[in-house]
Number of protein chains: 2
Amino acid sequence: MTAVADPPQPRRALRSTAKVLPEHARASNRSMVLQLLFHAGPRSRAELARATGLTRVTISDLVASLLAQGLVTELGQQADGKVGKPGTLVGLDAEAFQIVAVDLADDERVHGAVLDLSGAVRERRTAPVGGCTGAAAVEVLLGLCRELVAATTRPVLGVGVGSPGVIDLSGRVLQAPNRGWYDLPLAEQLSAALELPVHVANDADTAALGEFTWGGASGNGLLVLTVGGGVGAGIVLDGALVQGNEHAAGELGHVTALDERDEHDRAPLGRPELCACGRRGCLETVLSVPAMRRRIAGLDAAGRNDALASVGRRLGIVLAPVVSALNLSEVVLCGPEELLGGPLRDAALATLRERTIPVVSSHVQLRMTSLGEHGALSGAAVLVLSGQLGVT
Amino acid sequence: MTAVADPPQPRRALRSTAKVLPEHARASNRSMVLQLLFHAGPRSRAELARATGLTRVTISDLVASLLAQGLVTELGQQADGKVGKPGTLVGLDAEAFQIVAVDLADDERVHGAVLDLSGAVRERRTAPVGGCTGAAAVEVLLGLCRELVAATTRPVLGVGVGSPGVIDLSGRVLQAPNRGWYDLPLAEQLSAALELPVHVANDADTAALGEFTWGGASGNGLLVLTVGGGVGAGIVLDGALVQGNEHAAGELGHVTALDERDEHDRAPLGRPELCACGRRGCLETVLSVPAMRRRIAGLDAAGRNDALASVGRRLGIVLAPVVSALNLSEVVLCGPEELLGGPLRDAALATLRERTIPVVSSHVQLRMTSLGEHGALSGAAVLVLSGQLGVT
DNA sequence: AGTTGTTTGTAAGGACGGTTGCCTAACAAA
DNA sequence: TTTGTTAGGCAACCGTCCTTACAAACAACT
């Protein structure tokens, strides 16, 4: 045996790891039980034990602590005619806590809601924010949060906020140009002011979380595209949001989608337009709501369909490499149904299928969100459910 | 308080969770110590305690068990003139075990090697496989593995195999057309025959792992593009390989990269060619080694550079949406340096920067692999290190 | 040289989390 | 009524980590 080559030098920075304590195991198992009750509905302790792989003893112990916290309640006997002693059903108590959720995606008004643990909206409030930036915008947001907290009728589990911009895992807004926020520890500030746990994430990410949890996601990879004044995306892989190196994952709005030299779709879309970012032909210049409304203004139905189909084709071209690289199972569009739902979606899906290998394209779905307008609020609520209870 | 909306129904399939036992915590902490010693070199127990957050007592206990297994050795006293009792250095013993790694990316020959725990190649072997398919190809692979195992001089930690095709987490080859493997439990079969732990993954994925561990990856998202007879990609996010819904993540070779109606690069590249997959203009028809060699055959230096730059631009166009969506920090090219390293890389990077928003493009690197030809073998070894010791 | 303060590594005891084994209660079927 | 099965609770045990306490080794100061 002789050394044939020098060993390569490990130069990579150490991956972030963390110590694991027995109590973390406990928290994880507790989350697993809650997750099961949340998604699959009430179960007996014995059923929970079988589903989780834990013993009945451990499950009994966990359930006892959850009962003590009021998170779950006993719902009486299982009355199906099986042999043996009937189990006592244990179910998540959707009324145990309430969640305050806020969506900052709209430039004019901040939308907020109080939800229960099942995701049902119990109360709505909005506040005008047009023009406010910096600390003033924080004040408006904080005011709405206080109002919503005052409107709750149960203990508040936490506050979830979805906001445009680049936001890190701790809820620090690294940059949000339309609010004039730069390096702002928003979650920390709100949490201190409200004396509640506060979770803040990008609005496309919260939309993706909402869709993942309540939208009936069927497979493993989900991309949610939010189309409004701009275009954003949130990606969920293996049950977790993709953050990206600079917490800027999902910044698809400024990928070039229409090229100076492309003949393709030249007629309906015209030459690439200048984007707010200073470059030409960004996806936002064809797919954003204002851009689409401008393009279809004054056209007849056929012309509108043509124009929207052209937009859809450009979208399909941009999505094809992403869907292929990640082997996504679902792409979901959030935005005005009348713009996105018809020819645009059809053309995007057709283009996507044309441009990807069958093993990828045959399994991918491209559809409108099933959550309607309050998808973003549901997602902000999931942020809290996930952060406080480990339920997704 | 009144119910304003019905609760959305959770329709999503339950996410796979697993119970966590104290022993899993132990294994995790053990891996963390090994990881630290692997990447940062020998440390004293007290230093390990500070770095991990565990107490000195726990670290002593963990180190004792690692010593008993022979994975680490004491390396004598720390001789730096600090106050206090000098610590005893503990280091990973690179000679404790050896790893057998095999790369099936080449259609003609199977390449294999014996490596030590530091990743140094100690022994090389190859075996001709041209033409063999199905069970015969498995036999050739098995023969090479036996030969390599016989060539080891230490206990074998495990066997790592990188193979083209779609492969699931258990090492089952779902499809590998060029070997005629369909739904073949390769890891299981090899493991039974060799009586050793065997880990099998896609060759682009192993290349990505190797690059991640030894290539000096600097940030959070890494995409490794392998360019040979075909084109493949492996993606590492948050320290883990992206699998995809059908385990087909990274199938970038058959994304359309050259469009029938695109004028762009028409002159150097010609009209979109028919691909083996039956469609036209796939990335493989411009970026694969045979395609590029055919295109530059007979050209002078300037013509070659033009042609390769055109290929690079098409690559940049395909990569831009992926890099933006994931906010990748690094894209690495594996393949012939003389084709990929020059104008192709430059043009791809320039195009990538043109077509992505600065927050993404300003941080992304696009470079050749630093591991040379045995990147795939190193990656297969990482597969074993990761699977058996939790070290990545 | 002796003392003091710092640091390392180990030992003993406690807290926590999960398991196994055994018990009783409740029910269906023979 | 008996038998078999299932649910849930109690006690004892094991593994893992923590805190507290202690001996050893060394630098620096008196």
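Proteins get letters first, then strands, A, B, ... in listed order; numbering begins at 1 in each. Side chains are part of it too, since the values below use all heavy atoms of this structure and drop only hydrogens, waters and symmetry mates.
Atom CZ of A/R43 and atom P of D/dA7 are 13 Å apart (whole Å). To the nearest angstrom, C1' of C/dG18 lies 17 Å from CZ of A/R30. Rounded to whole Å, the distance from CG on A/L62 to C1' on D/dG9 is 15 Å. Atom CG of A/L48 is separated from atom P of D/dG9 by 12 Å (rounded to the nearest Å). One atom, CZ of A/R56, and another, C1' of D/dT5, lie 11 Å apart when rounded to the nearest Å. Rounded to whole Å, the distance from NE2 on B/H24 to C1' on D/dC17 is 17 Å. Atoms CD (B/E23) and C1' (C/dG18) sit 10 Å apart, rounded to a whole Å. Atom CZ in A/R45 sits about 16 Å away from atom P in C/dG18, given to the nearest Å.
Here the side chain of A/S31 pairs a donor or acceptor atom with the backbone of A/L389 at under 3.5 angstrom. Using a distance-only test at 3.5 Å, with no hydrogens or angles considered, a donor-acceptor pair links the side chain of A/T52 to the main chain of A/L48. A donor-acceptor distance shorter than 3.5 angstrom exists from the side chain of B/H24 to the backbone of B/L21, with no hydrogens or angles considered. The backbone N or O of B/L54 lies less than 3.5 Å from no partner atom in the side chain of B/T58, so there is not a single donor-acceptor pair.
Residue B/T88 places at least one side-chain N or O closer than 4.0 Å to OP1 or OP2 of C/dG9. When the side-chain nitrogen and oxygen atoms of B/K19 are compared with OP1 and OP2 of C/dT19, one or more of them lie within a distance under 4.0 Å. At D/dT16, none of the side-chain N or O atoms of B/N29 fall inside 4.0 Å of OP1 or OP2 (strictly under the cut-off). At the phosphate of D/dT19, neither OP1 nor OP2 sits under 4.0 Å from any side-chain N or O atom of B/T55.
Checked against C/dG18, C/dT8, D/dA7, the side chain of A/A46 finds its nearest nucleotide in D/dA7. Nearest to the side-chain atoms of A/P22 among the listed nucleotides D/dA11, C/dG17, D/dT6 stands C/dG17. Relative to the side chain of B/T58, the nucleotides D/dC17, C/dA12, C/dG21 differ in distance, and D/dC17 lies closest. Of the candidates D/dC18, D/dC10, C/dT8, D/dC10 carries the atom nearest the A/V57 side chain, counting heavy atoms from C-beta on. Of all nucleotides listed (C/dT8, D/dT6, D/dT20), C/dT8 comes nearest to the side chain of B/K85.
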(Q) Run the side-chain hydrogen bond (donor to acceptor under 3.5 Å, both in side chains) test on A/Q69 and A/R30 for me, step by step, so that the C-alpha distance in whole Å, both residues' side-chain angles and the decisive distance to 0.1 Å come before the verdict. (A) CA-CA 12 Å; A/Q69 290 173 65; A/R30 197 185 94 118; 3.0 Å; yes
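Counting non-hydrogen atoms under 4.0 angstrom, A/L54 reaches the backbone sugars and phosphates but no base. Counting any heavy atom pair closer than 4.0 Å across all strands shown, B/R26 reaches sugar-phosphate atoms only and no base atom. If you check every strand for non-hydrogen atoms under 4.0 Å, B/D61 touches nothing. A/S60 comes within 4.0 angstrom of the backbone, heavy atoms only, and of no base.
For CD of B/Q77, the number of neighbouring non-hydrogen atoms (other residues, nucleotides, ligands) closer than 6.0 Å is greater than 12.
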